[in-house]
Undergrad: 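Would you mind keeping the following structure in view while I ask a few things?
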Amino acid sequence: MLPSLLLPSTLLFSLAAVQVRAGDVPWLQPCDPAHQKLQEGTFQFQTDCDAMTFCASNSTCALRGCRNDDFPFGYLSNVTVPDKCPKGQFCPDEQDQCQNVLPVGSACQFNRDDECEGPPNFKDLADTTGFGLNVNGSVCLNNICMWANVTVGLPCIVQNTAYTAYGPDGEFVDIVSRGNCKVGLYCDSQQLVCVQTKAIGEQCDADKECSTYNCLANGTCGVTTDTPVQVKKWVYVVVAVCILGGMVGTLVALYFFHKKDRDAEREKRLQYWREQNAFRQNILQMQETARHSLMAYTPGGGSPRGSTLYSREGGMQSEDSGAPMLQQTTKSSGLRYYVSDDNSQLDDRSDEDLMMGQRSHQDVGRF
Ligand SMILES: *[C@@H]1O[C@H](CO)[C@@H](O)[C@H](O)[C@H]1NC(C)=O
Ligand SMILES: *[C@@H]1O[C@H](CO)[C@@H](O)[C@H](O)[C@H]1NC(C)=O
Ligand SMILES: *[C@@H]1O[C@H](CO)[C@@H](O)[C@H](O)[C@H]1NC(C)=O
Ligand SMILES: *[C@@H]1O[C@H](CO)[C@@H](O)[C@H](O)[C@H]1NC(C)=O
Ligand SMILES: *[C@@H]1O[C@H](CO)[C@@H](O)[C@H](O)[C@H]1NC(C)=O
C-alpha cells in the first residue's frame with residue numbers, strides 16, 4: 001500500500017458526522033430516497049433507514065428483501081433475516097430484492113462485479129488469486145459491466161478510486177486502480193494498455209503492478225500480504241531456553257526461599273526423635289530396675305511364670321544394652337527438657353512404671 005497524500009484531520013470529523021447521521025430511521029417511518037448514496041472516502045452505501053430496512057420509493061423504510069452478508073449486522077430477534085440471492089441473481093446495495101445478473105454493457109453499482117453476467121469463457125477469465133480483480137470473469141468499471149478479457153498491449157479501461165485509509169500516522173489516501181485486463185496483467189494508467197504484472201523484487205508504483213498485489217514502501221514488489229511469517233530456528237531455541245530457564249530459576253529460588261524453614265523443621269523433628277528415644281530408654285531402664293528389685297524381693301521358688309519371664313528378658317537386656325542406654329540417656333539434654341516441659345505425657349503413659357520405679361528404689365534403699 002502506498003500512502004500518497006495525508007489529509008487534514010478536519011475531514012475526519014466531517015466524515016464522522018456523516019456516519020452518525022446515516023441509518024437510524026426504523027421500519028414504517030418516513031425516509032428520503034435521495035439520501036441513498038455512497039459515503040465519501042469509504043464508499044460505503046448510506047441510507048436514512050436502519051440496518052433492517054431500506055428506503056422504498058414511497059419514502060418509507062420497508063423491511064429488506066435480501067442480504068449481501070453471511071452474518072448481517074443490526075437485526076433484532078423479531079425480524080427475519082432475508083436470504084442471500086441464488087446463483088444468477090444479485091442483491092443490490094439497497095438490499096430491497098434479488099435481481100437477475102446484468103448483461104455486459106449495462107449499468108452496475110460501484111465495484112459490484114457480482115452484478116454482471118459472466119463471459120462464456122468465465123472459467124479462463126475468473127480471478128482465482130483472491131485479490132478481487134474480477135468476479136466470475138466480469139468486472140464493473142465506471143459503473144458499466146465488462147469482461148476482464150483484454151490481453152497484453154491492447155487498450156484497456158481503468159478506474160482509479162481514492163479511498164480514505166487510516167494508519168498509525170493518521171489518515172492517508174489509498175488509490176486503488178482496477179481494469180479489465182485478464183488476470184496476470186494490469187491496465188497501465190498512463191498508456192492505457194494491458195501490461196504483464198511484475199515478479200517479487202521488481203520496481204513498482206502500485207499494488208496492481210505486482211503479481212503478488214503488494215507494492216512495498218521502497219518501491220519493489222513484495223510477497224503477498226497473507227504470507228505466513230517464518231521464524232528463524234534460533235528464535236525457537238531462545239524461547240525454549242527462556243522457558244526452561246524461567247522454570248528452573250523459579251524452582252531454585254523457591255528452594256533457597258524455603259531452605260531456612262525446612263532446616264528448622266528438620267531440627268525440630270530430630271529433637272523430637274531424640275527426646276522420644278531418650279524417654280523410651282529411661283522407661284526401659286526403670287523397668288529394668290524394677291525387675292531387678294522384684295527378683296531380689298521374690299523368695300527362691302516364687303511364681304514360676306514370673307521368674308522365667310523376668311530371668312529370660314532380664315538376661316538379654318540388663319547386661320548388654322543397659323549400659324549404653326544409660327549413657328545415651330545422660331547425654332541427651334532433650335529428655336530433661338522434655339520431661340520438665342511436658343510432665344503430663346510422661347505421667348499418662350508410664351504412671352505404673354514410675355510407681356514401680358519409685359517403689360523399687362525405696363525397696364533397694366531398704367535392703
Ligand atoms: C411502501 O412500499 C413498501 C415496499 O414497496 C411497502 O411494503 C409499504 O407497505 C409501502 N408503504 C406505504 C405507506 O404505502
Ligand atoms: C420488533 O420489535 C421492536 C421492539 O422491540 C418493534 O419496534 C418493531 O416494530 C418490531 N419489528 C417487527 C418487524 O416486528
Ligand atoms: C459464471 O458465469 C457463467 C456465465 O454467465 C454462469 O453460467 C455461471 O453460473 C457463473 N458462475 C458463478 C459461480 O456465478
Ligand atoms: C471482451 O469483453 C468485451 C466486453 O467487456 C466484449 O465486448 C468482447 O467481445 C470480449 N472479447 C473477447 C475476445 O471475448
Ligand atoms: C525493499 O524492502 C524489502 C523488505 O523490507 C527488502 O527485502 C528489499 O530488499 C528492499 N528492496 C530495496 C531495493 O531496497
Side-chain angles (χ1 to χ4, degrees), residues 23-36 45 47-69 72-83 85 88-128 132-160 177-189 192-196 208:
D24 48 11
V25 177
W27 184 43
L28 298 177
Q29 296 301 305
C31 61
D32 187 352
H35 286 172
Q36 296 187 119
F45 184 75
T47 171
D48 290 343
C49 300
D50 64 14
M52 298 173 285
T53 56
F54 72 98
C55 194
S57 49
N58 57 15
S59 293
T60 56
C61 288
L63 289 176
R64 286 179 176 178
C66 62
R67 67 182 153 101
N68 280 319
D69 300 323
F73 173 78
Y75 275 85
L76 294 174
S77 54
N78 64 344
V79 178
T80 339
V81 178
D83 289 331
C85 295
Q89 289 197 318
F90 69 90
C91 186
D93 286 345
E94 292 83 3
Q95 308 193 54
D96 52 348
Q97 58 178 12
C98 291
Q99 294 176 29
N100 290 328
V101 286
L102 306 163
V104 71
S106 350
C108 52
Q109 290 177 310
F110 175 76
N111 267 5
R112 290 294 302 270
D113 299 349
D114 62 312
E115 295 186 356
C116 303
E117 196 179 15
N121 56 341
F122 66 91
K123 277 182 183 147
D124 302 331
L125 300 181
D127 171 31
T128 52
L133 303 175
N134 67 53
V135 170
N136 199 23
S138 53
V139 63
C140 180
L141 295 178
N142 306 319
N143 296 98
I144 296 168
C145 280
M146 317 181 181
W147 291 338
N149 63 358
V150 181
T151 49
V152 178
L154 292 180
C156 56
I157 290 164
V158 72
Q159 171 197 283
N160 294 322
S177 180
R178 311 188 72 216
N180 62 344
C181 299
K182 288 174 79 167
V183 174
L185 314 173
Y186 71 93
C187 191
D188 187 274
S189 298
L192 294 177
V193 290
C194 288
V195 180
Q196 191 74 41
K208 65 168 180 178

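Bear in mind that the values here come from a model prediction, so they are computed numbers and not experimental data. In listed order, ligands and their atoms are each counted from 1.
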Undergrad: Need the ligand 1 atom indices (1-based, order shown) with element for anything under 4.0 Å from a heavy-atom of Thr60.
TA: 1 (C), 11 (N)
Undergrad: Under 4.0 Å from any heavy atom of Trp27, which atoms of ligand 2 are there?
TA: 9 (O), 12 (C), 13 (C)
Undergrad: Look up atom CG in Asp114 and atom CD in Gln109, then write down how far apart they are to the nearest 0.5 Å.
TA: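 Reported value, rounded in 0.5 Å steps: 9.5 Å.
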Undergrad: Side chains of Asn111 and Gln159: donor-acceptor distance under 3.5 Å anywhere?
TA: yes
Undergrad: Looking only at the SG atoms, are Cys108 and Cys140 under 2.5 Å from each other?
TA: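 Looking at Cys140 and Cys108, their sulfur gamma atoms lie closer than 2.5 Å, so the answer is yes.
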Undergrad: Less than 4.0 Å between a side-chain N and a carboxylate O, is that true for Asp69 and Arg67?
TA: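 Salt bridge absent between Arg67 and Asp69.
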Undergrad: Tell me which one of Asp113, Asn142, Asn134 satisfies side-chain hydrogen bond (donor to acceptor under 3.5 Å, both in side chains) with Arg178.
TA: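 Among the candidates, only Asp113 passes.
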Undergrad: With a 4.0 Å heavy-atom cut-off, what residues sit around ligand 4?
TA: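 Val104, Met146, Trp147, Asn149.
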Undergrad: Can you see whether Ser177 engages Asn160 through a side-chain donor-acceptor pair at a distance of less than 3.5 angstrom?
TA: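 Looking only at side-chain atoms, Asn160 and Ser177 do form a donor-acceptor pair, the distance falling under 3.5 Å.
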Undergrad: Which heavy-atom pair separates Gly118 from Trp147 by the least distance, and what is that distance?
TA: C-NE1, 3.7 Å
